[in-house]
Amino acid sequence: QVRLVESGGGLVQAGGSMTRSCAVSGRMFSSSVLAWFLQSPGKERDFVAAISWSSGSTYYKDSVKGRFTISRDNAKNTVYLQMNSLKPEDTAVYYCAAMTADGIYYSDYDKWSLYDFWGQGTQVTVSS
């Protein structure tokens with residue numbers, strides 16, 4: 001069992017920055033993948049970024065490349081999402097998620113249904 005506890009989030013002005021943290025407890029495997037998703041009202045959860053727990057390889061949604069950075073600190077069992085140059089359209093509830101990616105190709109890391117464990121979700125609001 002994996003538990004994910006998020007921190008950070010809140011209100012920020014357009015063009016500003018914010019860092020989200022996700023504390024991970026429980027057993028992680030070499031094939032574990034951690035990711036961030038967002039969800040806007042009335043919409044499905046949308047992929048933002050993912051990172052391999054073992055290798056640190058990263059994967060991003062096209063619209064956040066160059067603005068967002070996902071990273072992990074294995075010693076602290078924490079995954080981060082650094083968000084820069086925020087836009088009002090980035091406003092959403094952001095979720096941390098984890099899965100064991102055995103047999104799952106990296107191109108499928110954007111599929112929320114494959115993730116087994118989820119954080120509580122935290123609102124990020126970007127004002128214009």
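Values below: every heavy atom of this structure, side chains too, minus hydrogens, waters and symmetry copies.
Under the 4.5 Å side-chain contact rule for hydrophobic residues, Val12 and Leu38 share a cluster. Tracing side-chain contacts under 4.5 Å through hydrophobic residues (I, L, V, M, F, W, Y), one reaches Val2 starting from Val79; they form part of the same cluster. One hydrophobic cluster, built from ILVMFWY side chains closer than 4.5 Å, cannot hold both Tyr80 and Val93; they sit in different ones. The same ILVMFWY cluster, assembled from side-chain heavy atoms under 4.5 Å apart, contains both Ile104 and Tyr106.
Residues Cys22 and Trp36 form a side-chain contact, since some pair of their non-hydrogen atoms from C-beta on lies under 4.5 Å apart. Between Tyr95 and Leu4, every side-chain heavy-atom pair lies at or beyond the 4.5 Å cut-off.
Between Leu81 and Ala49, the closest heavy-atom pair is CD1-CB, 4.5 Å. What you find for Ala23 and Thr78 is that their closest heavy atoms are CA-OG1, 4.2 Å. When all heavy atoms of Leu34 and Cys96 are compared, the closest pair comes out as CD1-SG, 4.4 Å. Closest heavy-atom contact between Gly9 and Met18: CA-SD, 3.5 Å. When all heavy atoms of Tyr60 and Thr69 are compared, the pair lying nearest together is OH-CA, 3.3 Å. Minimum heavy-atom separation, Val48 to Val64: O-CG2, 3.6 Å.
Taking the centre of each ring, Phe37 and Tyr115 come in below the 6.0 Å mark.
No donor-acceptor pair closer than 3.5 Å links the side chain of Ser57 to the backbone N or O of Ser55. Under the 3.5 Å distance criterion, the side-chain polar atoms of Arg20 are matched with a main-chain donor or acceptor of Ser7. Within the 3.5 Å criterion, the main-chain N or O of Gly121 finds a donor-acceptor partner in the side chain of Glu6. Distance alone, capped at 3.5 Å, is enough to place a donor-acceptor pair between the Thr91 side chain and the Val126 backbone. Remark: side-chain polar atoms of Tyr109 are not paired, donor with acceptor, to backbone N or O of Thr58 under 3.5 angstrom.
Here the CH2 atom belonging to Trp53 is positioned 12.5 Å from the OG atom belonging to Ser30, to the nearest 0.5 angstrom. Atoms CE and CD1, on Met83 and Ile70 in that order, are 11.5 Å from each other to the nearest 0.5 Å. Between atom NZ of residue Lys76 and atom OG of residue Ser21 there is a gap of 9.5 Å, rounded to the nearest 0.5 Å. If you take CG on Asp90 and OG on Ser40, they are separated by 9.5 Å, rounding to the nearest 0.5 Å. Distance check, rounded to the nearest 0.5 Å: OG of Ser113 to CE of Met99 gives 9.5 Å. We find the CG-OG distance between Asn74 and Ser54 to be 8.5 Å, quoted to the nearest 0.5 Å.
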Evaluate side-chain hydrogen bond (donor to acceptor under 3.5 Å, both in side chains) for Thr19 paired with Gln82, printing each intermediate quantity in order. CA-CA 4 Å; Thr19 301; Gln82 174 67 40; 2.3 Å; yes
Are Tyr59 and Val33 close enough, and set up right, to give a side-chain contact (heavy atoms from CB on, under 4.5 Å), and what steps lead you there? CA-CA 10 Å; Tyr59 314 88; Val33 171; 5.9 Å; no
Let me see the working for Tyr94 and Thr122 under side-chain contact (heavy atoms from CB on, under 4.5 Å), right down to the final yes or no. CA-CA 5 Å; Tyr94 283 72; Thr122 307; 5.8 Å; no
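With sequence neighbours excluded, the residues forming a salt bridge (Lys or Arg N to Asp or Glu O under 4.0 Å) with Asp108 are Lys111, listed by chain and number. By the salt bridge (Lys or Arg N to Asp or Glu O under 4.0 Å) test, Arg3 is found to be paired with no residue, residues two or more places apart in sequence or in another chain being considered.
Other residues, nucleotides and ligands contribute at most 12 non-hydrogen atoms within 6.0 Å of the CH2 atom of Trp112. For Gln120, the CD atom sits in a packed shell: over 12 heavy atoms of surrounding residues, nucleotides or ligands are nearer than 6.0 Å.
Comment: Lys65 engages Asp62 in a salt bridge, judged by a side-chain N to carboxylate O separation of less than 4.0 angstrom.
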